[in-house]
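Note on naming: letters A, B, ... go to the chains in the order of the sequence lines (proteins, then strands), and numbering restarts at 1 for each one.
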Amino acid sequence: MNRRLLRQALPFLTLAVVLAATFYVQPRTMSYFGLNLMLQYAVPIALATVAQMFIITVNDLDLSIGPFVGLVSCVGATLMYGSPALGLLAMLALIACYGAIGALIHIRNLPSIVVTLGLSFVWLGISVMILPSPGGKAPDWLKALMAVQTPWVPFPIIAAVVIGAVVQLALMYSSWGVVARGAGGNPKALTRAGWSMLRTKVVMYMLAGLFGVLSGLALLGLTTSGDAHVADRYTLYSIAGVILGGGEFTGGRVSPMGAVVGALTLALAGSFLIFLKISPDWQIGAQGAILIIVLALRALVSYGEQKR
Amino acid sequence: MSGQAIRLDGVEKSFGAVRALAGVDLTVDAGECLGLVGHNGAGKSTLMHVLSGNLTPSAGTLSIGGRPCSGGWTAAAAQAEGVRCVFQELSLCPNLTVAENVRIVHRSLKGFGWKGRARALIRQKLDEIFPSHGIAPDDEIAGLAIGQRQMAEIARAFTVTDGKLRLVILDEPTSSLDAVTARQLLAYVKRETARGTSIILISHLLGEILSTAGRIVVMKDGKTVADRKAGDFTRNSLVAAMGSEAREHTRGAARTAGAEVMVSARPRSGGPAALEARKGEIIGLTGLAGHGQTRMLLRIYERREAQVTGRLAFIAGDRQSDGVFNLWSIGRNITTRSLATLRRGGLIDLAAEARLAGEWKDRMAIRTPDVNNNILTLSGGNQQKALFARALASDAAVILMDDPTRGVDIGTKQEVYAMIRAEAGTGRTFIWYTTEIDELTHCDRAYVFRNGAIAAALGADELTEEKVLQASFAEPAA
């Protein structure tokens with residue numbers, strides 16, 4: 001029991017350690033303004049991580065989420081800027097696309113990794129067609145939303161907590177969330193109980209699409225212009241965030257709150273490495289090292305659990 | 001309360017060329033406990049999956065509560081009609097808690113406070129069936145012992161929310177329960193049937209069936225062959241009904257007992273008996289499926305606590321997962337076990353490899369124009385022949401076979417049997433796990449496995465279906 005608790009607390013402890021280290025290296029970050037600046041890009045990453053988590057819940061993996069977020073930012077900066085209604089329609093179409101992909105993967109029993117890897121090039125291609133070079137303009141309401149100054153606690157932190165809490169409630173506590181997680185744990189049992197695996201997968205993929213869209217819009221609100229390549233790193237960030245947050249690749253074991261915390265940790269680790277004056281070329285490697293350390297710790301905890 | 005709970009008329013189900021159910025008529029009355037017995041492959045599991053809506057029968061009708069069920073009989077429909085199933089391989093989601101697993105089978109458990117209701121429901125049922133079960137509703141399934149998981153699943157099947165419980169099918173429900181909890185369950189079955197719920201009890205423990213069921217149906221080769229009151233059966237008459245008439249045996253004299261011992265091994269679950277195989281012998285492993293035969297073969301293969309003389313080769317029965325290399329040619333699949341002997345100067349001698357593949361293609365009569373074709377161009381039976389060729393072409397002295405003729409047509413089987421006998425004649429040793437009792441006629445001796453231990457060692461003159469069934473179904477000393 002203690003170890004189970006420890007495993008659940010690990011993502012939060014990791015965040016605390018990285019945060020403490022950042023404060024130590026650069027004490028000026030320990031302020032409203034500092035935190036706001038450091039964490040603002042954590043919001044789109046957290047949303048993309050939640051999107052990835054929905055896919056991982058049903059034992060699949062989405063390698064296209066980064067370029068998808070990029071595409072959303074391009075569509076947002078062009079179509080949505082000109083005509084909000086048309087832009088909204090395009091976003092809904094993108095979400096429907098995700099649902100259709102989920103259905104295709106389930107019905108034809110395709111490996112999700114291959115399908116989404118292929119799709120990542122499709123999304124990127126469309127983005128480049130829309131915006132061959134970075135440009136366009138973010139709708140003003142988006143910019144305003146992402147620049148909100150909340151009293152006392154910086155907006156990114158509030159947003160992260162709200163995202164985490166809402167998804168935690170839906171996936172971990174609602175009766176519907178149980179079925180969704182059961183689909184990852186034992187699909188056969190679910191079918192035997194009369195649930196449709198197809199429907200479950202389509203819903204999960206559409207949720208992933210929805211959060212991918214939200215992530216793209218949030219990112220657009222921050223960058224204020226569209227860029228096809230703006231979120232290329234998000235694919236790996238989102239997977240790392242889910243795993244860092246205590247999720248597992250198979251078996252329907254995920255933690256929404258943990259995933260959001262994992263995304264915050266990754267975003268923070270980036271700033272921390274900059275303060276350490278580590279060149280950006282090494283940052284991906286250094287983030288990988290953090291990931292490996294945390295996973296090793298978790299394996300150690302689980303190993304002790306089994307031995308018991 | 002009387003009337004029919006469920007009725008099947010002339011239900012058939014085929015998987016490709018295999019007829020799993022060949023016209024089953026079955027009636028289950030309300031409030032009765034029906035015992036269902038039969039040997040491996042008699043069609044019990046298929047029947048269960050049909051009843052629970054997970055398989056659609058190829059022919060026949062199903063009526064529920066006296067009304068014919070015309071629409072599609074799906075898993076969801078079965079749930080709605082109050083038909084529940086406890087499958088042999090557990091149907092719980094390991095990543096969810098006990099209470100959350102209850103929600104999976106009850107659509108009405110939703111909305112605010114559903115978790116509290118689910119907890120109360122399962123706690124009350126667990127307390128009723130298995131007093132002092134030691135399971136908390138918020139325990140994650142993965143953290144429970146196998147016996148507790150089975151208790152949770154059984155209790156879940158008997159929980160009621162909306163609609164009534166009509167029929168519960170229990171497939172080997174006591175396989176992971178200890179003696180005390182098994183007795184608690186059987187007592188509960190009697191109480192529950194008295195309330196009007198029907199129960200189908202499938203078990204290989206005949207004592208359980210005889211003492212609990214009111215009526216017993218015996219299945220064999222996809223049909224019901226006997227259907228009588230439990231009181232009209234005895235252990236022996238039940239075993240006799242499951243088996244068939246004695247067959248004549250066409251086996252040569254047993255090989256000399258003085259030959260060199262090639263393998264001697266003990267099953268992991270202990271027991272006094274050990275397995276011994278001599279040079280040139282064909283040793284059968286039998287008993288009910290999944291009672292430790294495959295594990296025994298693996299122990300020998302990995303030489304764990306097993307003395308083995310000479311090299312080993314393994315022929316897998318599950319071709320797709322353990323046998324063929326899907327992307328390779330037929331020839332490559334045959335020679336992969338022999339690459340060490342086909343080397344010349346550290347590289348593979350391609351000419352020798354092709355010669356070996358060609359030779360074994362002819363000897364096993366693998367039906368293909370070219371051994372360089374992909375292995376998947378072959379039929380299932382011919383793929384299996386390629387796997388035999390892989391083992392026989394190697395330098396192995398002892399060949400382990402894990403139910404290798406599973407799903408192979410009868411003609412191919414005959415060719416394979418002849419090959420095995422010929423190879424044994426040249427001094428090779430075969431250890432052969434088979435789920436088909438007929439195949440034991442090709443063995444010199446056989447070991448019957450039960451619960452991971454050797455329950456009986458049968459000599460050549462004792463290899464009858466009746467003897468094997470007797471040993472497989474024997475009761476634990478109690």
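- Using a 4.5 Å cut-off between heavy atoms, K115(B) touches chain A through its side chain atoms alone.
- Distance CZ/R107(B) to OG/S175(A): 11.5 Å, rounded to 0.5 Å.
- Heavy atoms of S196(A) lying under 4.5 Å from chain B are absent altogether.
- When all heavy atoms are compared, the tightest approach of A75(B) to T191(A) is CB-O, 3.5 Å.
- Side-chain atoms of R192(A) do not come within 3.5 Å of backbone N or O of C85(B) as any donor-acceptor pair.
- Minimum heavy-atom separation, E100(B) to V178(A): O-CG1, 3.4 Å.
- Looking at Q79(B), only its side chain comes within 4.5 Å of chain A, counting heavy atoms on both sides.
- The local environment of CZ in R108(A) is sparse, with at most 12 non-hydrogen atoms from other residues, nucleotides or ligands closer than 6.0 Å.
- Contacts between H106(B) and chain A at a heavy-atom distance below 4.5 Å are absent for every atom of the residue.
- Considering every non-hydrogen atom in both R181(A) and N95(B), the closest pair reads O-ND2, 3.1 Å.
- Across A76(B), A77(B), S91(B), A78(B), the residue that shares the most heavy-atom pairs under 4.5 angstrom with chain A is S91(B).
- Ranked by heavy-atom pairs under 4.5 Å with chain B, the list Y173(A), W195(A), W176(A) is led by W195(A).
- For the set C93(B), A118(B), G53(B), the count of heavy-atom pairs under 4.5 angstrom toward chain A peaks at C93(B).
- Contact annotation for L92(B): only backbone heavy atoms (N, CA, C, O) come within less than 4.5 Å of a heavy atom of chain A.
- Heavy-atom pairs under 4.5 Å with chain B peak, among G177(A), A193(A), A189(A), at A193(A).
- Using a 4.5 Å cut-off between heavy atoms, L109(B) touches chain A through its backbone atoms (N, CA, C, O) alone.
- In terms of non-hydrogen atom pairs under 4.5 Å with chain A, the most contact-rich of T97(B), I104(B), I141(B), N101(B) is I104(B).
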